[in-house]
Structures are given as structure tokens and as C-alpha cells.
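One structure is given here, and the rest of the page talks about it.
Start at 1 with the first residue, then count along the sequence. Values reported hereafter were calculated over all heavy atoms of this structure, with side chains retained and with hydrogens, waters and symmetry mates removed.
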Amino acid sequence: MSEISKKRVLSGIQPSGNLTLGNYLGALKQWVEEQATFDCYFCVVDLHAITVQQDPIELRKKTREVAALYIACGLDPEKVTIFVQSHVSAHSELAWILTCFAPIGWLNRMTQFKDKAAKQQQQDSISSGLLNYPTLMAADILLYQAHAVPVGDDQRQHLEYTRDIAQRFNHIYGETFVIPEVMIPKAGARIMGLDNPLSKMSKSEASDNHAIYLLDEPNRVKKAIMRAVTDSSGEILFSDNPERAGVSNLLTIYQSLSGLSKDETQEHFAGKGYGDLKRGVVDVVNATLDPLQKRYNQIISETGYLDAILANGAEKARERANRTLREVQDKVGFLAAR
Ligand code: TYM
């Protein structure tokens, strides 16, 4: 199938910390699985990262790290377009235009804004960028006329918002944007913290045994999983009961990484104990991370390789994004630049 007839996909990850197993299972794994079917654009969303204050040296480092991890996870830079969001100025430009169509009421309702703002309340430092975050995300998606957006469960509301903004604009100016569909993985869409299975595994959580990071050493993986919160029932079954969330989470991780069905996963652990479950999860996680980390180390140590991919990606992305931006600028009535 040619690039033209393929449907388009766009997604991104913030370089705001160390990527977790949640990022892998909710996003990266499905990106890799979909790369042959769709015309894919994957960006490292540094403009989103600065909605909370970042150390500039660390941000640059993390931006390269995240891009290298995209490739290490199995994205083929020959097939997909990998780029840094701030390298394509159309993202900021369309975001501003869409901001002018974004009702504050819609933004105030966003759960992620409310959660993030609540965390920062004490510091009195909530930026208006944090409030406008979903509009920038809408711009990312709409610029590429993406048909589908592969993300974890926590991004559902932002996708709904993107669709609403696109429909509002299309309603006023006529058909301009493709209305994108959310694409959520069947298993692993919401991986929970190992230390607290009622809160989402997050790259910005500081506590020690909360997350598995993609660049963790095998011993750290083992330690965090062996200490994961379970319960006293002793039953290794998927369950919606919040008291069993820890065991369900471990089963979900095992299921997503092994490729088994839910039933097969439960059968695999039938008659076994929590120690066996945890050891099983340690093995399957380390078996995934080992080849990924080897590829990552190669990519990072090869001078110029990653920068060339990002330069090439930005060029391709700019070309696609600018076409949409020009159409939008024309529709809202901006005088064409000569
Ligand atoms: P971010 O950086 O928080 O997360 C990146 C991706 O990882 C998924 N994810 C998870 N999936 C399962 N379990 C978890 N515990 C978990 N934690 C994170 C997220 O759902 C996401 O898919 N707003 C986005 C970044 C973004 C974006 C975009 C995404 C900016 N522009 C355009 C798609 C399209 C975000 O904060 O992701």
C-alpha cells in the first residue's frame, strides 16, 4: 500500500521524566504494531513538557533519550516519521489559532488539568500552558489530519476534546480537519503503580517502588516487582475489585508482554502463589527490556545517527503540517505572506 492510501496516525510522549512500562504498554507497543498499517508520525512533545517547569539541560537530554527509545522499542525510522515537536513551528502556530476557538469551560473540565493543578497548588505555580495543554495536543493531531491516535486510557478525554474542537472549527469554516479516532490497546491501556495499584503508573512519581522504567537494570526491575502491593486473598485472577487491583495489574503486565489471552494468563498461574506470579512478571519484563536496552545503547552511542533521523523527520513533518496550517490561516482570514 502506498503512503498516500494509508490512513494516518499521530502520537507523542512528553520528555518530562524516565519512560515507564506504562508508556510502553499503553503507547509504544501499539505504535510498533501499527507502523506497517498506517502512515505514522511520532513526536517527542517538548512543548507539552514545559507546561511544568523543566531544567533546560535535562529537557534536552530527555528529548534525545525519548526519541532513541522510540527506535529502540522497534519503530523503524525508514517507515515512520520521528521528530521533535518544537522543530515544527506549525504546532505552536495552530495551537494559538485553536486557542481562540477553545471555550475555557471545556478546558476547566479536563481531569488531567485538575489533577496536575491540584498537585501544584502549594507552589502557586499553575501556568496557563497547563490549562491550554489539550489545545496544543489537538493542534499536534489535527495538523497531520490524523485518522487515529494510539494512546493509553488516560488520554481519552483529550481525544474527545480534540474531536470537539475540530468539529467546532469545521462547523464555522467548512470541512478542514479529519475527525480523529482514539486507538486504545486491548490490554495494558492503564498500568497502575506497583506501590499503589489505585493510582496510574507515572513517570513523574518520585517514590522508589512505584514504576518500572524502560532503562532500569534487571535487579531494580526485580526489586520493584517483588515488592509490589498485592492482597491477602491469594487468588491469581483478573478482578475489578479495588482490593485486588495489585494482582490484576501484575496479571495485565504479564498478559500484555506475553501475548496470551486473559484466560490463558489465569490458567498459566492456576494453583500458584503470588511469589510465582511476581517471578513470572520479572522474567517477562526483563526479557522485553534486555533487547530494547541493547538497541538503545547502540543508538545513543552512534554519533550523528539520532540527530540525522530527527532532522529528516522534522523536514517531513513540516511539509505535512504546513499544508494544513496554510489552509487554516487562509480560512480564518490571515493575509498571505509574500
Ligand atoms: P504522556 O507523556 O503522559 O504519556 C505518553 C503515552 O503513554 C500513555 N501512558 C500510559 N498507558 C498505560 N498505562 C499508564 N500508566 C500510562 N502512562 C502513560 C499515555 O496514555 C500516552 O499515550 N498528552 C500526551 C502527549 C501528547 C500526545 C499528543 C499524545 C501530546 N500531544 C498528540 C497523542 C497525540 C501525554 O501526556 O502523554
Side-chain angles (χ1 to χ4, degrees), residues 3-14 38-51 80-110 113 127-151 155-183 310 312-338:
E3 297 300 301
I4 308 293
S5 56
K6 278 182 182 171
K7 290 205 166 178
R8 209 166 299 114
V9 145
L10 177 129
S11 200
I13 298 182
Q14 295 188 70
F38 293 90
D39 175 21
C40 296
Y41 289 79
F42 297 118
C43 52
V44 182
V45 293
D46 52 351
L47 297 173
H48 279 99
I50 63 160
T51 53
V80 306
T81 305
I82 297 172
F83 66 102
V84 175
Q85 185 189 30
S86 68
H87 291 177
V88 182
S89 59
H91 289 249
S92 304
E93 295 181 69
L94 182 63
W96 171 252
I97 297 174
L98 295 180
T99 296
C100 300
F101 293 86
I104 294 177
W106 291 7
L107 292 166
N108 272 326
R109 280 199 289 276
M110 294 291 129
F113 169 69
S127 72
S128 54
L130 202 56
L131 180 66
N132 282 313
Y133 179 111
T135 313
L136 176 60
M137 180 163 159
D140 299 340
I141 297 165
L142 300 177
L143 271 177
Y144 298 87
Q145 306 288 10
H147 301 88
V149 183
V151 282
Q155 298 299 313
R156 262 182 210 281
Q157 197 186 29
H158 288 160
L159 250 294
E160 270 312 307
Y161 172 83
T162 301
R163 290 164 59 88
D164 289 346
I165 284 282
Q167 268 153 357
R168 194 180 171 101
F169 192 95
N170 284 356
H171 181 72
I172 301 172
Y173 294 103
E175 210 56 35
T176 308
F177 297 122
V178 168
I179 308 298
E181 301 286 339
V182 68
M183 194 190 255
L310 294 178
N312 187 37
E315 198 178 315
K316 275 171 72 188
R318 256 180 232 126
E319 197 276 319
R320 187 69 202 77
N322 285 339
R323 257 190 279 163
T324 307
L325 180 66
R326 273 196 294 274
E327 185 185 341
V328 170
Q329 287 172 329
D330 183 56
K331 284 187 167 162
V332 299
F334 291 172
L335 185 65
R338 300 259 169 225

Self-check item: Side chain proximity check, Val182 to Glu160, heavy atoms < 4.5 angstrom
Solution: no

Quiz item: Could you state the interatomic distance from CD (Glu93) to CG (Leu98), rounded to the nearest 0.5 Å?
Solution: 12.0 Å

Practice problem: Mind jotting down which residue pairs meet the side-chain hydrogen bond (donor to acceptor under 3.5 Å, both in side chains) criterion with at least one end in residues 128-141? Sequence neighbours excluded, please. | Solution: Gln14-Tyr133, Gln85-Asp140, His91-Asp140, Thr135-Tyr161

Quiz item: Any side-chain heavy atom of Arg326 sitting closer than 4.5 Å to one from Asp330?
Solution: no

Exercise. In plain terms, say whether Glu327 and Arg323 are close enough for a salt bridge, that is, a side-chain N and a carboxylate O under 4.0 Å apart.
Key: no

Exercise. Heavy atoms only: give me the nearest Ser86-Asp46 pair and the separation to one decimal.
Key: OG-OD2, 2.5 Å

Quiz item: In Å and rounded to the nearest 0.5 Å, what is the CG to CG distance from Leu130 to Leu107?
Solution: 10.5 Å

Quiz item: Do you know which two heavy atoms are closest between Val149 and Leu10, and how far apart they sit?
Solution: CG1-O, 3.3 Å

Quiz item: Tell me, do Met183 and Ser11 make a side-chain contact under 4.5 Å, heavy atoms counted?
Solution: no

Quiz item: Any donor-acceptor pair under 3.5 Å linking the side chain of Thr324 with the backbone of Leu143?
Solution: yes

Practice problem: Could you tell me whether the side chain of Leu131 reaches within less than 4.5 Å of the side chain of Asn108, counting heavy atoms only? | Solution: yes

Quiz item: Within the side chain of Asn170, is there an N or O that forms a donor-acceptor pair under 3.5 Å with the backbone of Thr176?
Solution: yes

Quiz item: Where do Arg163 and Pro180 come nearest, in terms of heavy atoms and distance?
Solution: NH1-O, 2.9 Å

Self-check item: Heavy-atom pair with the smallest gap, counting every atom of Ala95 and Thr99
Solution: O-OG1, 2.7 Å

Self-check item: side chain to side chain contact (heavy atoms under 4.5 Å, CB included) assessment of Thr51 paired with Phe113
Solution: CA-CA 11 Å; Thr51 53; Phe113 169 69; over 6 Å; no

Quiz item: Roughly how far, to the nearest 0.5 Å, is NE2 of His147 from CD1 of Ile141?
Solution: 13.5 Å

Quiz item: Parallel, tilted or perpendicular: which fits the ring planes of Tyr173 and Phe101, with parallel below 30° and perpendicular above 60°?
Solution: perpendicular

Exercise. Please lay out, stage by stage, how Cys43 and Tyr41 fare under the test side chain to side chain contact (heavy atoms under 4.5 Å, CB included).
Key: CA-CA 7 Å; Cys43 52; Tyr41 289 79; over 6 Å; no

Quiz item: Do Val45 and Met137 touch side chain to side chain, with heavy atoms closer than 4.5 Å?
Solution: no

Quiz item: Between Arg320 (side chain) and Gln145 (backbone), is there a donor-acceptor pair under 3.5 Å?
Solution: no

Exercise. Enter the distance from Leu325:CG to Leu142:CG here, rounded to the nearest 0.5 Å.
Key: 12.0 Å

Quiz item: How close do Ala90 and Asn322 get, heavy atom to heavy atom, and via which atoms?
Solution: CB-OD1, 3.6 Å

Practice problem: Provide the closest heavy-atom pair for Ala146 versus Val9 in the form atom of the first, atom of the second, distance. | Solution: CB-C, 4.3 Å

Quiz item: Roughly how far, to the nearest 0.5 Å, is CD of Gln329 from CG of Leu335?
Solution: 11.0 Å

Quiz prompt | Candidates Phe38, Phe83, Phe177 - the one meeting ring pair (Phe, Tyr, Trp, His ring centres under 6.0 Å) with Tyr144 | solution = Phe83

Quiz item: From Met110 CE over to His158 NE2, what is the distance, rounded to the nearest 0.5 angstrom?
Solution: 6.0 Å

Self-check item: Residue of the set Val88, Ile82, Thr81, Val80 for which side chain to side chain contact (heavy atoms under 4.5 Å, CB included) holds with Lys316
Solution: Thr81

